[in-house]
Amino acid sequence: MNAASTESTSAGPQGSGARRRLSRPTVLGAMVVIAVVLAVIDQITKNWAEANLPLLEPQPFLGEVLQLTLLYNTGAAWGMGAEITPVVTCLQIAIVIGVLVFAVKVVRSGWYTLALGLILGGALGNIHDRLLRDPSPFHGAVVDFLELPNWPVFNVADMGVVGGAVLVVALGLFGIAADPSADAGGAAADAPAESEETTRTTSEEDR
C-alpha cells in the first residue's frame, strides 16, 4: 500500500495526465512553420483572386453565404483607418513583435503555440501587402476577396489572426495556461495543504 502511494506521488504531473511542456526552440520552430505555411497560402490565394476576380463585383461561391469580392483595403476592418495606413502597418508589426516576445518568455504549450502561429502568419500575410504592394511601402493596399453576409470582406490572413485570437480566449476561459508547468506548480502547491487537512480530519475522528 505504501509502495503504491509512493509511486503515485512520485509520478507527479505525468501520473495525472498533465500536458507536455514544450521547449523554447520547439515552440518557436513550430510557430514559424505554422506562420510561414499560412502566409504562403494567403499570398497564393490573393494572387489567384487578383488574376481571376473582377474588381468589386461579387461572385457567388457558396450561394449568398460566401461570395468572392475582390477589393483593395488600405485600412482595417470595414475600411477604418484608410487615411492612416502607415499607422495600421506599424500596429501590425507591433503585434508580430508582441507575439514573438510572449512566445519566447511564456509559451510552452502546444495549443498556445498553434494559436500564436496563426496570429503571426496572418499578421505577416497582411504586412507583406502593406510593405510590398502599391502604392508604396507602409501605404500598400491589402487584397481582400472573401465576403460573408453583414461582415467586412476579408482574406486568409485575417482568418488566421481571428482564429488564433479566438483560440487564445478559449484557452483562457478553460483555464489552460500558456506554460503547463504553471498548472503543475499550482497542483503541487495545493497537494500539501490537502494532505495536511486530511491528516487533521483523521486525527480529530480518532479522538
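Note: R130 CZ to L124 CG = 13.5 Å, rounded to the nearest 0.5 Å. Taking CG of L120 as the start and CE of M31 as the end, the distance is 5.0 Å to the nearest 0.5 Å.
The backbone N or O of A103 lies less than 3.5 Å from no partner atom in the side chain of R24, so there is not a single donor-acceptor pair. Distance alone, capped at 3.5 Å, places no donor-acceptor pair between the E147 side chain and the F145 backbone. Using a distance-only test at 3.5 Å, with no hydrogens or angles considered, no donor-acceptor pair links the side chain of T26 to the main chain of L22. In this structure, the side chain of Y112 engages the main chain of I176 through a donor-acceptor pair within 3.5 Å. Between the S109 side chain and the A178 main chain, no donor and acceptor come within less than 3.5 Å of each other. In this structure a side-chain-to-backbone donor-acceptor pair under 3.5 Å is missing from D42 to L38.
P54 and Q59 get closest at one heavy-atom pair: CG-NE2, 3.4 Å. When all heavy atoms are compared, the tightest approach of G125 to K46 is O-NZ, 3.4 Å. Of all heavy-atom pairs spanning L71 and L55, the tightest one is CA-CD1, 4.0 Å.
Between D134 and H139 there is no side-chain heavy-atom pair separated by less than 4.5 Å.
Placement of V106 and W111 within a single hydrophobic cluster is found when ILVMFWY residues are connected by side-chain heavy-atom separations under 4.5 Å, directly or transitively.
For N126 and N155, the side-chain atoms include at least one donor-acceptor pair closer than 3.5 Å. Under the 3.5 Å distance criterion, with hydrogens and angles disregarded, a donor-acceptor pair is assigned to the side chains of D129 and Q43.
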